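Just so we're clear, the structure is a prediction, and the values are computed from it rather than from any experiment.
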Amino acid sequence: DLIAARGWLMARLPSDELRAIGEESLDGALALDPGHPPALVYRSAVRVQLADFEGAAADLARFDALASPPPELVTLVEQLGLRAAIDAGA
């Protein structure tokens, strides 16, 4: 969780260098656990920001396929408007 949280925080900062470190952290979290719910949602959001709608959709599809996605992350997906952003960008 700490790796994913670090990645999410850094990827949202207004610095290309820190954003890249954040993306690497999210990739690392998913390399350790490909089904890590927070990392899937956070990386999907970052990919939307980068206009990588295909990658964002893939991460969100993996999140949706989880047996029991955490309700707080389902809410976050809704609050961030990820599905709408992916649909609009795709």
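- By the criterion of side-chain heavy atoms lying less than 4.5 angstrom apart, applied directly or through intervening Ile, Leu, Val, Met, Phe, Trp or Tyr residues, L32 is not grouped with M10; the two fall into different hydrophobic clusters.
- Considering only heavy atoms from C-beta on, Y42 stays 4.5 Å or farther from D59 through its side chain.
- At a threshold of 4.0 Å, the pair R83-D64 counts as salt-bridged, since one of the basic side-chain nitrogens sits closer than that to a carboxylate oxygen.
- Distance NE2/H36 to CG/L26: 10.0 Å, rounded to 0.5 Å.
- Annotation: cation-pi geometry not satisfied between R6 and W8 (NZ/CZ under 6.0 angstrom from ring centroid, within 45° of ring axis).
- The CZ atom of R43 sits 4.5 Å away from the CG atom of L30 when rounded to the nearest 0.5 Å.
- Using a 4.5 Å heavy-atom threshold, the side chains of E72 and L76 count as separate.
- By the 4.5 Å heavy-atom criterion applied to side chains, V46 and E23 are counted as neighbours.
- Atom CD of E17 is surrounded by 12 or fewer heavy atoms from other residues, nucleotides or ligands within 6.0 Å.
- Using a 4.5 Å heavy-atom cutoff, the side chains of R62 and P34 are in contact.
- When all heavy atoms of Q49 and A11 are compared, the closest pair comes out as OE1-O, 4.0 Å.
- Both L66 and L80 sit in one connected hydrophobic cluster of ILVMFWY residues. Membership requires side-chain heavy atoms under 4.5 Å apart, directly or through other members.
- When side chains are defined from C-beta on, F53 does not count as touching D87, because their heavy atoms never get closer than 4.5 Å.
- Among all heavy-atom pairs drawn from L73 and P38, the shortest one is CD1-N, 3.5 Å.
- Between P37 and P70 there is a side-chain heavy-atom pair separated by less than 4.5 Å.
- Put simply, the side chain of S44 never gets that close to the backbone of L40: no donor and acceptor are under 3.5 Å apart.
- Proximity of a side-chain donor or acceptor of R47 to a complementary backbone N or O of G55 within less than 3.5 Å is detected.
- To the nearest 0.5 Å, atoms CG (L18) and CG (L9) are separated by 9.0 Å.
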